[in-house]
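Below is one structure, written out as structure tokens; comments come after it.
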Amino acid sequence: MTEMIMRLDRTRKAFGGLVAVNDVSFDLARGEILGLIGPNGSGKTTTMNLISGALRMDRGTIELDGEVISGLAANRVARKGVARTFQLLRLISDMTVTENVVVGMAFRPGQPWNEEMVARSRDYLDIVGLSDKADWEASKLTYIDQKRLELARALALEPKVLLLDEWLAGLNATELLAGIEIVRSIQKLGTTIIMVEHVMSAIHSLCDRCVVMNAGEKIAEGTPSQVLTDPLVVEAYLGEPHHA
Amino acid sequence: MISRSPLPYIGILAIAGMVALLPFIVSSFQLAFAIGLLNFAVLATAWGLFSGPTRYISLASVVFFGIGSYTVAVVGEVMPWPAVLALAALIGGGVALVVGLATLRLAGIYFVIFTFGLSEMVRQLVTWYEVNVTLSVGRYVFLDISQTQIFWQLLALLTVVMIGAVALQRSRLGFALRVIGGDETMARHFGLNPTFAKLALFVGSSMIMALAGAIMAPRWTYIDPAIAFNITLSFQVVIMGLLGGMHRIYGPLLGAILMTFLFEALSDRFPQAFSLLLGVVFILIVYLLPNGIVGRVEELIARTRRKPDNTSAGLIGERS
Amino acid sequence: MFLFALLSGLTLGGVYALVAMGLTIQYSVSRTMNLGYGEFLIAAAFSVFVMFGAFGISPYILAILVVPVAFGVSWLIYRVMLMPIVRRARSPLALEIDSLLLTFGLLFAIMGVLLLIFGSNYTNYYYLSVPVRILDATVALNRLVSFGAAVIVGAIGYWLLMRTRTGMVLRAVSVDPVGARLVGIDVNWAAGLAYGLGGAIAALGGVLISTYMTFTAEMGVVFTMKALIVVIMAGVGHVLGALIAGMALGLIEAFVSAYLDPGLTIAVIYAVFLLALIIRPQGIFGRVAR
Amino acid sequence: MLEVSNVSVRYGHHLALENASLSVSKGEIVVVLGSNGAGKSTLIKAMAGLVRTEPGASVVLDGQPLHKLPAHRIVDAGLALVPEGRHLFSTLTVHENLLLGAFLPRTRDRAEESMERVFEVFPKLKQRLAQIAGTMSGGEQQMVAIGRAMMTCPRFLLLDEPSLGLAPLLTSELFKALPSIATTGTSVLLVEQNSHQSLSIADRGYLIEKGVITGQGTAKELLESEEVQKAYLGG
């Protein structure tokens with residue numbers, strides 16, 4: 001019997017006439033990596049925004065460790081232990097790498113304001129392999145390193161649940177392998193992860209389970225190999241099967 | 001980011017110590033000028049403390065300054081001086097709290113527009129109260145406080161504000177403001193409450209302005225709402241902050257020093273054209289020094305260090 | 001007293017509605033906030049005052065001269081003063097701040113010119129100040145005529161925005177500037193036009209108000225403030241809302257000064273504004289989000 | 001004939017598009033395939049003049065260079081974009097949205113004729129003319145957006161992920177409409193993730209990855225390519 005850390009119950013969000021997330025429910029087991037997949041515009045990112053409190057949902061509930069977090073503002077959700085990365089990088093470009101990591105650390109509950117944070121930021125930079133550039137200005141980093149820094153900053157919040165929004169997108173084959181290793185090492189540290197991802201090879205090798213969304217609805221749930229052979233899922237990705 | 005070095009504090013105290021000797025060597029006319037300068041230095045620095053990191057342009061400095069002056073006019077003779085100052089700061093902070101709670105959770109434009117008319121509203125309320133309740137519009141301030149004492153009080157206030165500004169920059173709140181200034185949406189996702197941080201700063205900055213108003217009040221001997229809440233003062237403060245550069249602690253201070261001399265020269269030579277010239281100076285600053293003198297100097301330094309890189313397209317009007 | 005307050009509220013509200021309509025057109029199309037807006041109103045009032053004094057021509061006829069000039073000046077201000085900052089702006093927020101600061105300077109520059117020429121004295125002149133009895137209240141004819149003119153021009157303006165091609169283009173730019181560029185609209189051309197229209201409307205308001213109100217060179221700020229409050233309260237870009245809210249503002253002002261104290265009008269308007277900000281920050285007629 | 005060569009776009013320090021080149025002949029439907037963040041939207045925005053390109057870029061439509069023109073002049077030159085997010089005039093009616101498509105003097109006289117063309121492709125819109133555009137469903141809004149672009153009488157139509165946010169049924173309805181636009185001589189370039197459906201109506205396709213165009217071929221070649229299958233479905 002696995003222990004649940006997060007539960008989404010009939011969450012719904014509409015923008016004007018468009019229902020972006022339509023009564024979506026799923027559970028998240030402690031320590032697992034859940035892939036949230038589906039074609040573009042299917043409501044994955046909106047779901048992530050509902051969990052992280054960036055958007056207020058119309059109805060439904062989200063629980064974290066038995067506590068209702070839906071309806072809380074984003075800053076409160078973060079302090080409860082949900083961290084995220086952003087699809088479009090949101091680093092503070094005129095701060096150093098270390099300072100950007102401290103952003104993740106400085107505002108979590110009970111964190112004293114002292115030099116120790118600078119030393120601790122090294123630990124998170126080590127995990128993502130960025131400690132040799134700790135003193136660089138964030139804007140001087142390459143795209144890949146900026147993605148690493150986003151992750152280090154999210155880790156610095158010491159979250160119970162980590163939301164990765166297409167964190168592996170745009171990496172080349174070698175970088176992808178390294179990225180997959182980083183995500184796996186984070187899981188080993190005991191963090192539960194939800195990842196929105198398009199890179200199928202990463203989903204196959206990382207995810208314990210997948211939830212597939214299409215047009216705002218959950219259409220499938222199961223292991224990666226189960227869902228990716230599901231005819232409904234194949235159709236959602238390919239459109240109508242091409243009968244030649 | 002986190003620094004314990006006492007050097008900036010020592011520097012500020014040393015400079016303040018030297019300036020404190022000024023009343024012994026200058027004429028009373030020069031002292032009066034120095035008082036005006038110190039007052040603007042305090043106001044502009046307090047303004048920059050809030051508007052710099054948040055980019056919320058406050059057009060209401062005179063509201064808090066006027067509240068401070070009026071507090072002195074009302075209770076100056078019945079309470080001990082330190083209690084008067086404390087009360088002035090409290091009232092200023094209280095008003096700022098109400099204004100901030102209503103507007104700081106909204107986009108910056110609402111705040112600007114609200115502060116734009118706030119001085120007019122407060123002036124009307126005070127006038128109405130004086131006419132209907134106390135039955136006289138003006139008040140006399142008879143306090144036994146000399147020019148020199150006013151000078152030292154303002155200098156002490158400025159010193160405290162500068163030290164406070166350095167301490168703020170090294171504090172968690174100061175760091176929070178840099179994060180909010182960098183990316184407010186992102187900041188929320190790391191446990192930061194931007195509205196709270198902005199509110200704290202706005203209240204603090206307003207209390208300083210109220211204190212300046214209180215300290216300056218004994219200079220006037222006569223105060224009425226039109227004098228205490230004259231919107232031109234707000235305007236002067238904004239222009240000083242912009243000229244110096246509001247993204248650095250010492251920017252508004254620099255702007256205050258330069259502008260006070262400029263105002264003095266202008267109002268002497270062209271008393272009739274004061275508004276016009278101010279307006280023109282303002283427009284020129286927006287075009288030529290968008291980041292103030294400090295920003296321009298930093299730009300020049302950066303340019304000599306490395307070649308400029310032409311980065312990022314604008315959001316609006318590319319190619320057009 | 002009630003009828004008197006109602007009548008003076010309506011006449012005042014008519015002009016406020018008109019003036020707010022001009023500002024909301026400027027703001028929503030150009031996305032720059034013009035704090036110097038009220039100066040156009042006051043400058044027009046002074047120019048009519050001078051010309052009426054010199055030639056004795058009716059202010060309403062002088063408007064035919066003043067309004068187009070205001071259009072041209074306002075258009076020029078956008079092209080010459082605001083376009084450079086529109087071009088350099090890196091984000092809508094930066095543009096908003098830059099335009100606020102720039103037009104704040106413009107406010108003082110125009111006010112400074114007026115102060116140089118006219119000083120800071122209260123100014124007025126007499127035109128059509130014939131009492132007219134309506135039921136048991138007396139109203140000056142100039143107020144009635146001005147009200148009528150404001151209503152007619154406001155209605156025509158609204159009709160032009162809603163029913164003509166150019167009106168439709170202006171609305172399109174205010175809703176989605178990117179979409180507008182993608183159908184071939186030159187957004188800067190539209191913004192210049194909107195600035196011109198706003199300035200012309202403000203000048204007309206100034207002409208109308210000058211016939212029955214005392215004014216000073218320093219009064220432009222107050223009109224800008226009231227127009228801003230109406231625009232924000234109505235919801236940015238909502239023209240009909242601005243007309244209604246402007247009318248309401250005039251009525252509130254008249255009743256406050258009749259029943260409470262003439263010196264408290266702005267304080268009460270501000271209280272209403274504060275309430276509106278707290279309850280409906282997107283404006284009474286505005287929508288939460290697109 | 002449209003020829004794009006050496007288009008690079010930089011956002012800050014991030015090179016979003018690097019030396020992209022492609023060409024589309026008259027009446028052709030071409031699709032650019034790429035994953036999220038690959039740079040396909042940037043490519044299309046650069047062509048329409050919505051983002052600034054690095055020096056050296058050139059976009060030439062039937063001999064006329066477009067890369068120095070502002071966005072509204074590019075539309076006048078005959079290149080129309082249906083953007084991501086649609087950018088409809090949401091508080092205006094469908095009719096007004098379509099009419100605004102015929103804003104340019106060269107299209108104004110033909111407005112009625114163009115609107116008939118739009119109704120031929122999207123008959124549904126004819127009954128919805130009085131509706132406020134923002135209140136329509138995603139698919140209907142996409143039709144209005146394409147209709148509005150058709151009203152500009154383009155020689156060349158760009159579509160940025162038209163299937164985004166649409167249910168599969170609506171997507172196929174939409175894609176079926178595109179060939180009828182191309183039959184009148186209008187070329188179509190669309191960027192998509194939805195490889196099968198878009199390739200099934202396209203003549204040719206390009207592949208884009210990390211800001212670089214990495215491959216091209218006829219629609220048939222791409223459909224049968226294992227690499228394409230793998231990149232978009234994980235095989």
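Since the model is a prediction, treat every value here as computed from it, not as a measurement. All chains are named by letter (A, B, ...) in the order of the sequence lines, taking the proteins before the strands, and each is independently numbered beginning at 1.
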Could you tell me which non-hydrogen atom of D/Thr91 sits nearest to which non-hydrogen atom of C/Val175, and how far apart they are?
OG1-CG2, 3.1 Å
Minimum-distance pair of heavy atoms, taken over all atoms of D/Pro83 and C/Leu182:
CG-CD1, 3.5 Å
Partners of C/Tyr195 by ring pair (Phe, Tyr, Trp, His ring centres under 6.0 Å), sequence neighbours excluded?
C/Tyr78
Does the pair D/Leu50 and C/Val178 meet the rule for a side-chain contact (heavy atoms from CB on, under 4.5 Å), with working shown?
CA-CA 8 Å; D/Leu50 289 179; C/Val178 175; 4.2 Å; yes
Contact residues of residues 146-165 of chain C (partner chain D; heavy-atom separation under 4.5 angstrom):
C/Met162, C/Arg165
Can you list the residues of residues 67-77 of chain C that sit under 4.5 Å from chain D, counting heavy atoms only?
none
Nearest-0.5 Å distance that lies between atom CZ in C/Arg171 and atom CG in D/Leu92
4.5 Å
Any side-chain heavy atom of C/Ile185 within less than 4.5 Å of one from D/Leu100?
yes
Can you tell which part of D/Leu81 gets under 4.5 Å to a heavy atom of chain C, answering side chain, backbone, both or neither?
both
Where do D/Leu88 and C/Asp176 land on the side-chain contact (heavy atoms from CB on, under 4.5 Å) test, with the steps shown first?
CA-CA 7 Å; D/Leu88 286 182; C/Asp176 199 320; over 6 Å; no
Which residues from residues 147-156 of chain D are near chain C, with near meaning under 4.5 Å between non-hydrogen atoms?
D/Arg148, D/Thr152
Does C/Arg181 form a side-chain contact (heavy atoms from CB on, under 4.5 Å) with D/His87? I'd like the steps, not just the answer.
CA-CA 10 Å; C/Arg181 293 166 72 191; D/His87 286 286; over 6 Å; no
Whether over 12 other heavy atoms sit under 6.0 Å from D/Glu113 CD:
no
